[in-house]
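Worth saying up front: this structure is predicted, and the values here are computed from it rather than measured. In this chain, numbering begins with 1 at the start of the sequence shown.
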Amino acid sequence: MPKNWKVGKGNRLKLHFGAVDHRARVWVNGRKVAEHTGGYTAFDADVTDALTGTGPQEIVVAVTDTGGADQPTGKQSTAPGGIFYTQSSGIWQTVWMEPVADTSIDDVVTTPDIDTGSLTVTVESEGASPKARVAAVARDERGKVVGRVSGPADRELRLPVAEQHLWSPDDPYLYDLDVTLTDGRSTDRVGSYFGMREVGIADVGGYRKLVLNGKPVFSLATLDQGFWPDGLYTAPSDEALAFDLEAHKRLGFNAVRKHIKVEPARWFYHADRLGLLVWQDFVSGNITNQAGRRRSSTRAGR
């Protein structure tokens with residue numbers, strides 16, 4: 001760890017996993033710090049109390065993946081062929097660590113409302129006290145402040161966006177969002193982004209149609225399966241992750257259907273900045289038997 005992180009002096013150390021397929025258990029210096037089931041969802045662990053002084057620390061990650069009907073597999077198969085591909089197992093998304101304040105931001109949930117020209121912001125923090133305060137500032141592409149809001153953590157706050165600029169595939173306009181959480185002497189900051197947009201279904205000319213920002217939009221998409229010749233589920237670089245999406249735009253598409261796989265957050269960011277609508281499949285299990293149908297139905301309901 002960099003020495004200037006000063007973990008243990010008002011800071012905690014978090015270890016993040018983008019995704020591990022399928023069941024993961026994590027130990028630091030022989031102490032179990034996390035257990036997670038689900039090959040397509042992120043998880044993290046506060047490892048501060050498992051550290052032993054200075055110098056090298058031991059991290060062990062054990063992964064179990066059966067590829068069975070009772071877990072999400074998508075296009076993975078232990079017997080690949082035809083429309084099915086080689087099974088993946090283990091850590092397939094980025095792993096990283098960061099120092100965070102004693103009271104830190106766990107998640108920032110944003111929802112645009114183009115009818116009122118505002119953004120709802122909820123800053124989630126499990127350790128925040130009732131006195132904790134949130135401050136959120138929105139900036140346009142030139143860096144100009146276009147809105148701000150403050151209030152308690154774990155509450156929905158409404159941030160007005162002055163002279164909103166709507167996002168669309170032809171004009172993928174994005175705003176920056178800076179969020180600060182202060183709780184006593186503890187301060188944590190997160191940088192994010194958002195687009196002002198609304199997707200829905202409406203009656204247009206007597207037919208139910210897909211609308212974007214209240215106007216009909218024809219979704220011209222490809223079926224994107226996200227397998228790599230050298231990494232299966234894992235792209236070799238961020239540039240490679242963006243490559244296919246950039247090709248989509250050059251070929252004239254305005255959307256992409258992500259087929260029974262959930263990509264890293266960077267993939268969705270690239271889609272946002274390039275101007276691509278995303279149809280996101282849920283990841284099914286083996287729907288040819290009863291266990292797979294039951295599990296897939298449960299996940300679809302969630």
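Residue Arg208 qualifies as enclosed at atom CZ: its count of foreign heavy atoms under 6.0 Å is above 12. Crowding of Phe84 atom CZ: a count of heavy atoms from other residues, nucleotides or ligands under 6.0 Å not exceeding 12. For CH2 of Trp228, the number of neighbouring non-hydrogen atoms (other residues, nucleotides, ligands) closer than 6.0 Å is greater than 12. Crowding of Phe227 atom CZ: a count of heavy atoms from other residues, nucleotides or ligands under 6.0 Å exceeding 12.
Here salt bridge (charged side-chain N to carboxylate O under 4.0 Å, His left out) pairs that include residues 116-128, with residues two or more places apart or in two chains, number zero. Applying the salt bridge (charged side-chain N to carboxylate O under 4.0 Å, His left out) rule to pairs touching residues 229-244 yields Asp238-Arg266, sequence neighbours excluded. Within the structure, the side chain to side chain donor-acceptor pair (under 3.5 Å) test picks out the following pairs touching residues 137-148 (sequence neighbours left out): Arg139-Asp178, Asp140-Arg142.
For the atom pair OG (Ser77) and CD (Gln87), the distance works out to 7.5 Å, reported to the nearest 0.5 Å. Taking NE2 of His22 as the reference point, atom OG1 of Thr37 lies at 5.5 Å (rounded to 0.5 Å). Rounding to the nearest 0.5 angstrom, the gap separating the CZ atom in Phe253 from the CG atom in Leu274 is 14.5 Å.
The backbone N or O of Trp279 sits nowhere less than 3.5 Å from a side-chain atom of Lys258 that would complete a donor-acceptor pair. A distance-only check finds no donor-acceptor pair linking the side chain of Gln225 to the backbone of His259 [under 3.5 Å]. No side-chain donor-acceptor contact under 3.5 Å links Asp113 to the backbone of Ser118.
Through side-chain heavy atoms spaced under 4.5 Å, either directly or across other Ile, Leu, Val, Met, Phe, Trp or Tyr residues, Leu166 is tied to Ile105, Val108, Ile114, Leu119, Val121, Val123, Val134, Val146, Val149, Leu157, Leu159, Val161, Tyr173, Tyr175, Leu177, Val179, Leu181, Val190, Phe194, Met196. In the hydrophobic clustering (ILVMFWY side chains linked at under 4.5 Å, chained through shared members), Val211 is joined by Val204.
Asn4 meets the side chain to side chain contact (heavy atoms under 4.5 Å, CB included) test with Pro2; sequence neighbours excluded.
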